[in-house]
Number of protein chains: 2
Amino acid sequence: MPEHRSRKDAARNREAVLEAADTLFARHESPEDVTMADVAAAAGVGKGTLFRAFGDRAGLLRALYEGRFEPIREAVEAGTSPLGPATPPQDRVPALLDAVLCFKLDNRRLALALEEGGSSSPYGAEHYERWHGLLRDVLEQIPGLTDSDFTAHALLAATRADLVEHLAGEKRVPRERMRAQLATYVARVLAFGPPQSIDRR
Amino acid sequence: MPEHRSRKDAARNREAVLEAADTLFARHESPEDVTMADVAAAAGVGKGTLFRAFGDRAGLLRALYEGRFEPIREAVEAGTSPLGPATPPQDRVPALLDAVLCFKLDNRRLALALEEGGSSSPYGAEHYERWHGLLRDVLEQIPGLTDSDFTAHALLAATRADLVEHLAGEKRVPRERMRAQLATYVARVLAFGPPQSIDRR
DNA sequence: TGCAAAGCGGACCCATGGTCCGTATTCTTG
DNA sequence: CAAGAATACGGACCATGGGTCCGCTTTGCA
C-alpha cells in the first residue's frame, strides 16, 4: 500500500488502548463510568495519544466494535452458515436476529456503550444502517410481507442493547431463554395469520 | 391540611420553569442542547431555584412528562375509549401502542430527552415499568400468546423515542403512515398462526 | 549519524450538572 | 401590624469529563 503504515510505537499503543478499553468496559457495570482518562491510564498512555489514535470516544467504541464484529460480518456476507445469503429468507431473518442478540449478549457492555453512547441516537450510526438495510432486503423477499422497512426497524428494536442488558443483566433472564423468546417473537411476526396467508403470492 | 403547601413564589417559579423548559425543548433539535442553565435563564430564575424545585435534570423531565401524559393515563385507567379496561385485549393492545406512538409523535423532543436522557436506560424508569406491566397483563389475556413479558418489551421497543424521531424527523415518514405501519406490525404479532403453529423450530 | 516527521503525554481548557450560603420573601402568630 | 421563623432565592462556585495544545521524544529514512 502506498500510504505509510503507522509508526510502530503508534501501532503498539493503539493495540494497548484497545485492549485496555475492552477490559475496562467489560469490568464496569455502566459504560458511563469508564472515562477516557481511565482508558488512557490503563493502557499506560497519555490522553493525547488516545485521542489522536481514535478521534473521540465514539471512534474508540467503533474500533472496538469492528474488531469484535468481524467474524459475524464475514459469516453474513459470504458464509455458508444460516447467516449467509444462501439461506432462504424465512430462515435467514431469524438467524440474523439471533446473531445480533447473541452478539449483544456476549458484548453487553460494549454494545451498550456504543448504542446509547450519549449524543447521537443509534439510528445515525452506519453499522445500524447496514443491518437495517440487510434485514429489510431479506424481509422484502418474503412473500406477503409488507412494510419491510418498518418491520426491520421494529425487529431490530427488540434486540436493543439496553433492553438486552435490562433483561439479561437486571432481570437475570438466562441466555437461552432470551434466544427462544426472540425466536418465537420473530416467528410470529413472519408467520402471518392462517386465514389470509393462503391467498398471498 | 397537615403538610404545608409550598410558598406561592415557589409555586409560581415552578410553573415558570415548566413552561420555559417546555418551550425550550420544543424549540431545539436535540435535548442535549438545552442546558439547565438555559432553562433557568429562560424562566427568569436562578439555577438554585430550578434544582430545588425538581431535584435534577431527570426530575424536571419527569415533571414535564407527567403533565403531558395525564390525559392519556386517565383514558387508560378509567376511560371508555379503546384504551380503557373495557376494551377486549386484541383491540386494546393496538390501541395502547397507537397511543404511545401518538404521544411520542406529539412530544418528540420531550420523549427523546426523557428516554435517552443520558445516564440510566429507559428500562429503569417507573413509567416504563407501568406501561410494560399494563401491556403484559393485557397480552396475557390473549389466548395462545406466550411470553407476554418479552412480547410487551418487544412491542414497546418498536415505539422508542429515538426510532420515532428517526423515522418522523429524519426520514420524514408522515404521521399516519407510521401509525398504519405500527398497526400492521402489531396485528401481525397478535395474529399467531393456525393451531399447529407451523413446523418452524 | 543526523535530522525531519511522526508521535507522545499530561497540563490545560471549557461546558455542564449540581451545590452552597448569604440575602430576600413569605407566612405565622400575638 | 410587627417581628421572627421558616422557606425560598440566585448566582458564585465546584467537580467531572471530553477534548485540545504544544514542547519534548522517538522513529525511521538517507
Side-chain angles (χ1 to χ4, degrees), chain A residues 1-21 24-25 27-64 109 112-114 116-120, chain B residues 1-21 24-25 28-64 112-120 124:
Chain A
M1 263 346 203
E3 294 306 339
H4 328 200
R5 312 206 303 264
S6 48
R7 255 166 56 171
K8 81 174 174 217
D9 51 350
R12 180 168 35 75
N13 280 333
R14 186 186 169 87
E15 284 314 304
V17 167
L18 281 174
E19 188 143 333
L24 283 183
F25 279 117
R27 200 190 316 291
H28 287 75
E29 276 298 310
S30 163
E32 305 260 316
D33 34 65
V34 176
T35 74
M36 294 303 271
D38 289 342
V39 174
V45 143
K47 284 180 65 178
T49 303
L50 203 178
F51 279 96
R52 192 165 333 92
F54 297 97
D56 57 7
R57 183 174 238 258
L60 171 58
L61 265 349
R62 230 175 298 130
L64 276 171
R109 307 288 160 63
L112 204 56
L114 192 66
E116 68 164 50
S119 45
S120 58
Chain B
M1 278 327 176
E3 294 305 338
H4 314 216
R5 312 206 308 263
S6 50
R7 255 168 54 173
K8 81 174 173 220
D9 52 351
R12 179 169 34 76
N13 281 332
R14 185 186 168 88
E15 285 314 304
V17 167
L18 281 174
E19 189 144 331
L24 284 183
F25 279 117
H28 288 75
E29 276 298 312
S30 163
E32 305 260 318
D33 37 62
V34 176
T35 75
M36 294 302 270
D38 290 342
V39 174
V45 142
K47 286 179 63 178
T49 303
L50 201 178
F51 279 97
R52 194 167 331 94
F54 298 97
D56 58 7
R57 184 173 235 259
L60 171 59
L61 266 348
R62 230 177 297 131
L64 276 171
L112 205 56
L114 192 67
E115 212 160 284
E116 69 164 49
S119 46
S120 58

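Only this structure's heavy atoms are used, side chains among them; waters, hydrogens and symmetry mates stay out. To find a chain, count down the sequence lines: A is the first, B the second, and so on, and within it residues start at 1.
Residues from residues 51-62 of chain B lying near DNA chain D, meaning a heavy-atom separation below 4.0 Å, are Arg52(B) in numerical order.
Each of Thr49(A), Leu64(A), Val39(A) was compared with Val17(A) under the side-chain contact (heavy atoms from CB on, under 4.5 Å) criterion, and only Val39(A) meets it.
Taking 3.5 Å as the limit, the base of dA8(D) and the side chain of Arg7(B) contain no donor-acceptor pair of atoms between them. Side-chain atoms of Lys8(A) stay outside donor-acceptor range of the base of dG28(D), with no qualifying N/O pair under 3.5 Å.
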Worksheet item: Do Arg27(A) and Arg109(A) pass the side chain to side chain contact (heavy atoms under 4.5 Å, CB included) test, and can you show the C-alpha distance, the side-chain angles, and the key distance before you say yes or no?
Response: CA-CA 9 Å; Arg27(A) 200 190 316 291; Arg109(A) 307 288 160 63; over 6 Å; no
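Of the side-chain N and O atoms in Asn13(A), one or more sit less than 4.0 angstrom from OP1 or OP2 of dC8(C).
Residue Val45(A) comes nearest to Asn13(A) through the heavy atom pair CG2-OD1, 3.4 Å, listed as atom of the first residue, atom of the second, then distance. Residues Ala63(A) and Arg14(A) share a closest heavy-atom pair of CB-NH2, 4.1 Å.
Distances were taken from every side-chain heavy atom of Ser6(A) (C-beta onward) to each of dA8(D), dG17(C), dG7(C); the shortest belongs to dG7(C). Closest contact between the side chain of Asp9(B) and the listed nucleotides dC9(D), dG17(C), dG7(C) involves dC9(D).
Here the side chains of Ser30(A) and Asp33(A) are in contact, with some heavy-atom distance below 4.5 Å. Proximity of Leu61(A) to Phe25(A): side-chain heavy atoms (C-beta onward) are separated by under 4.5 Å at one or more points. Looking only at side-chain heavy atoms (C-beta outward), Met36(B) and Leu60(B) come within less than 4.5 Å of each other.
Following rounding to the nearest Å, Lys47(A) (NZ) and dA11(C) (C1') show an atom-to-atom distance of 10 Å. Taking atom CD on Glu32(A) and atom P on dG17(D), their separation rounds to 10 Å, with Å as the unit. One interatomic measurement links the two molecules: CG of Asp38(A) to P of dG19(D), which rounds to 14 Å at whole-angstrom precision. Following rounding to the nearest Å, Leu24(A) (CG) and dG17(D) (P) show an atom-to-atom distance of 14 Å.
Along DNA chain C, the nucleotide nearest Thr35(B) and the nucleotide nearest Arg14(A) are compared for position; the residue whose nucleotide lies closer to the 5' end is Arg14(A). Nucleotides of DNA chain C nearest to Asp33(B) and Arg12(B) differ in position, and the one nearer the 5' end is that of Asp33(B).
Residue contacts shown for Thr49(A) include a base, since a base heavy atom lies under 4.0 Å away.
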